[in-house]
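Comments concern the structure below.
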There are 2 protein chains.
Amino acid sequence: MLGARCLLRALRSCSSAPCPRHTPSAKLSVRDALGAQNTSGERVKVQGWIRSVRSQKEVLFLHINDGSSLESLQVVADSSFDSKELAFGSSVEVQGQLVKSPSKRQNVELKAEKIEVVGNCDAKAFPFKYKERHPLEYLRQYPHLRCRTNVLGSILRVRSEATAAIHSFFKPSSKVKVPEENFFNVPAFLTVSGQLHLEVMSGAFTQVFTFGPTFRAENSQSRRHLAEFYMVEAEISFVESLQDLMQVMERLFKTATMLVLSNCPEDVELCHRFIAPGQKDRLEHMLKNNFLIISYTEAVEILKQASQNFTFTPEWGVDLHTEHEKFLVKHCGNIPVFVVNYPLALKPFYMRDNEDGPQHTVAAVDLLVPGVGELFGGSLREERYHFLEQRLARSGLTEAYQWYLDLRRFGSVPHGGFGMGFERYLQCILGIDNIKDVIPFPRFTHSCLL
Amino acid sequence: MLGARCLLRALRSCSSAPCPRHTPSAKLSVRDALGAQNTSGERVKVQGWIRSVRSQKEVLFLHINDGSSLESLQVVADSSFDSKELAFGSSVEVQGQLVKSPSKRQNVELKAEKIEVVGNCDAKAFPFKYKERHPLEYLRQYPHLRCRTNVLGSILRVRSEATAAIHSFFKPSSKVKVPEENFFNVPAFLTVSGQLHLEVMSGAFTQVFTFGPTFRAENSQSRRHLAEFYMVEAEISFVESLQDLMQVMERLFKTATMLVLSNCPEDVELCHRFIAPGQKDRLEHMLKNNFLIISYTEAVEILKQASQNFTFTPEWGVDLHTEHEKFLVKHCGNIPVFVVNYPLALKPFYMRDNEDGPQHTVAAVDLLVPGVGELFGGSLREERYHFLEQRLARSGLTEAYQWYLDLRRFGSVPHGGFGMGFERYLQCILGIDNIKDVIPFPRFTHSCLL
């Protein structure tokens, strides 16, 4: 009892204790400082990394960036503040007054009253040089530092916005106005990755999705493959046709992209201007046109009639290769195109049998997009017990997939779903050629730097 | 050229093609049907699974659930519709008129005009029985079917809401009113899991977070451990003290919980009433009180003075055990309590040296909560190059962590972060005793059913 009493004196509550702050200045992010309405000398504190230093006779100009926006905040200081430590890459805390800038280049600038160097930057050893634009290949050697550059900063902000846009597409927040068609107005779930598991969930919830890391031991060094990538997967119950699925895919692509374009226009513009000139128009072309649909059989016919010589001869019953995908997209006027109804023999056991003939197909769909090739893959799932049972038996999988058969024994429903590679999506909208530049820490065959 | 022309006829655009629909009835989720304002006989279509069947002389009552809400929709049909196929667990599509219900139990009911059984349910083989309340342990044997029960449905809807709440805490949507304190108004990133990688990002962005699956090969069969669990991790630059971190942790817990409580009250209530009686009051107690703070040293003193006999004798320099955590929380009046400043020797190399003595500690923090024990763990990170270099050298890790040292060579900033186990969070707010019941597909030692 005495112990408890002693203790109660020692206990301190967290939120009620006044925080000992060094200064009464309001702390602002660079983004908020740049957007400040009140520029009549409000005292603020800004923290970040120095992106540029320009020293004039009586004035010192610094540009401070903290990752909250592409644009940096201009700090204007008396030249007495000048010091070797105020160098490119150093972290600083600046206090001063937020004022209207006399220059046209920015609305707001920070008149420094106090500048504190928080962490020095060894300029000689720092792999990025002031005012130099380093190629993406060079930056890739420094996965632990490259997010400090403008271009990676922009790509990662877009990645963050796109992530949020995908979440909001599937699960509109209860506080956000529900979009007109209101497709996904029922609970959507973040679960472990994997379509078969989503199918379990879709036996109780009519729309489910998952978004997370996925691992593939693909021995590929291509510019569109990673050993670890992020995937959005959705599964929908009571679908009637591939058309239902394709509508959701097209809406997901267009809705997420519009959100990204409206939420971080500067970051997208940086990529479209400096990395992928012409990409802005190509993206607009994709957004304003209805996506096209052709069957696999039609696709093979197109390829066979093409004047182009392919490394792999197109043939019914054989998978489409990257060169084929590229040709098809170009052939379709660079509009994304759904290829539907693939040969049964090419596809896994769970895809729905179209019961057609003589060329036996399943209700599978891939979406091919310019620059990237396959972006989405999906299918109707075989919801009929006896069809599925036979397919499993033929593959010798009946025992292992008894649980999966159970889903068809107990209140089965027609359903289908799809997956979208998130990094390929970012490549597609930004025009980034190499997939390793749209993920913070790329891991691929023989390479896991971090 | 001819090929291309042939093709253009074959091309069909996706969105513009009229969808062949069997019926003009509007398709509604159960949730939307229950909340419908217009009950003057609007024709609708509802799809879902039969949760109950009650057959009277002239009328047949069905309850239909589609996972969109805990409450099912009552369907009233002429007894001529009665059939063996309309059984518990079957999936159905019902068309009819949405009308005001004469009963007080519900506002709305669906007067059936057409009932179609989509998928039968083999009642004899189905492991869940009509009107029976199965214990959670029993349901756990059927990971592929248990989400069709009321209780798992509720838990998974709460899981989905809590996921959304955590995302919205870290990254308020630009369309949502920004919360008062506006802490995380700068970009937050979903990246690969892992604190050290978040630290990389926090060298360019001042607040970052990640939320995804995490894997631990812990050989534990406890009710609070999984081999795969979900973790929220955040890292914040320019923090000044543990106090800064603790404020974010407390706000995350309270904000997310308030959102869950207001967005799915019925689902939370089901758990609080039937699974964990008394939990409602316990949770309110946590929410209305400021979390407490004690030091590790104080915690050990409290334990030493306790009248309770512990299996592991409390001693300075030794980790706290579950029994100790439980005692401390109870001792603190069942208010969550932060334990801060742990012995340096107990903690990993990256935690910030407090430079105190003679009992040498680091700026680490754990949050202990009732029922669960450790919910959050975090620390300030060692941002000082020479301190970190010495710690790494002592562990023989200098070479492997050169990249991590680099972060301190180039514009280092004081920073810190924390992780929260998402399943433990759900256990804590819902009062669910076993962690295996708050994740769709639990994987743990010697068990990976699905």
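We use all heavy atoms of the structure for the numbers below, so side chains are in, but hydrogens, waters and symmetry mates are not. What you see is a predicted model, and the numbers here were worked out from it, not measured in a lab.
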For [X] and [Y], work out which heavy atoms get closest and say how close.
{"X": "Phe238(B)", "Y": "Ser91(A)", "result": "CZ-CB, 4.5 Å"}
{"X": "Leu407(B)", "Y": "Leu145(A)", "result": "CD2-CD2, 4.1 Å"}
{"X": "Val118(A)", "Y": "Pro414(B)", "result": "CG1-CD, 3.3 Å"}

At a heavy-atom distance under 4.5 Å, which candidate from [options] has the highest pair count against chain A?
{"options": "Gly89(B), Gly203(B), Ser262(B)", "value": "Gly203(B)"}
{"options": "Gly48(B), Cys121(B), Ser307(B)", "value": "Cys121(B)"}
{"options": "Ala125(B), Ser90(B), Ser237(B)", "value": "Ala125(B)"}
{"options": "Arg409(B), Arg384(B), Glu199(B)", "value": "Arg409(B)"}
{"options": "Gly119(B), Ala204(B), Ala123(B)", "value": "Ala204(B)"}

> More than 12 foreign heavy atoms under 6.0 Å from NZ of Lys330(B): is that the case here?
Replying inline: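 Atom NZ in Lys330(B) is not crowded, with 12 or fewer foreign heavy atoms closer than 6.0 Å.
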> Under the side-chain contact (heavy atoms from CB on, under 4.5 Å) test, which residues partner Cys264(B), sequence neighbours left out?
Replying inline: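 If we apply the side-chain contact (heavy atoms from CB on, under 4.5 Å) test to Cys264(B), skipping adjacent residues, the hits are Val158(B), Glu161(B), Val260(B), Asp267(B).
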> Would you call the rings of Trp403(B) and His144(A) parallel, tilted or perpendicular if under 30° counts as parallel and over 60° as perpendicular?
Replying inline: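 Perpendicular.
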>> Measuring only between side-chain heavy atoms, which start at C-beta, is Met201(B) closer than 4.5 Å to Pro440(A)?
In response: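 In short, these two side chains touch, coming nearer than 4.5 Å.
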>> For a 4.5 angstrom cut-off between non-hydrogen side-chain atoms, does Cys147(B) reach Phe205(A)?
In response: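 Yes, side chains in contact.
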>> Restricting to salt bridge (charged side-chain N to carboxylate O under 4.0 Å, His left out), what partner residues turn up for Glu301(B), sequence neighbours left out?
In response: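 By the salt bridge (charged side-chain N to carboxylate O under 4.0 Å, His left out) rule, Glu301(B) matches no residue at all.
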>> Pair Val200(A), Phe441(B) - check side chain to side chain contact (heavy atoms under 4.5 Å, CB included), show working.
In response: CA-CA 10 Å; Val200(A) 166; Phe441(B) 305 101; 3.7 Å; yes
Please flag which part of [X] lies under 4.5 Å from any non-hydrogen atom of chain A: side chain, backbone, both or neither.
{"X": "Asp122(B)", "value": "both"}
{"X": "Thr297(B)", "value": "neither"}
{"X": "Ala87(B)", "value": "neither"}
{"X": "Val92(B)", "value": "backbone"}

> Say you draw a straight line from CG of Asn120(A) to CZ of Arg408(B); how long is it, rounded to the nearest 0.5 Å?
Replying inline: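 One finds 15.0 Å between CG of Asn120(A) and CZ of Arg408(B).
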> Would you say Arg148(A)'s side chain and Phe410(B)'s backbone share a donor-acceptor pair under 3.5 angstrom?
Replying inline: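 Indeed, once roles are kept as given, a pair shorter than 3.5 Å links the two residues.
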> Counting N and O atoms only, with roles assigned by atom type, does the side chain of Trp49(A) sit under 3.5 Å from a partner on the main chain of Gly411(B), one being a donor and the other an acceptor?
Replying inline: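 Side chain of Trp49(A) to backbone of Gly411(B): a pair is present.
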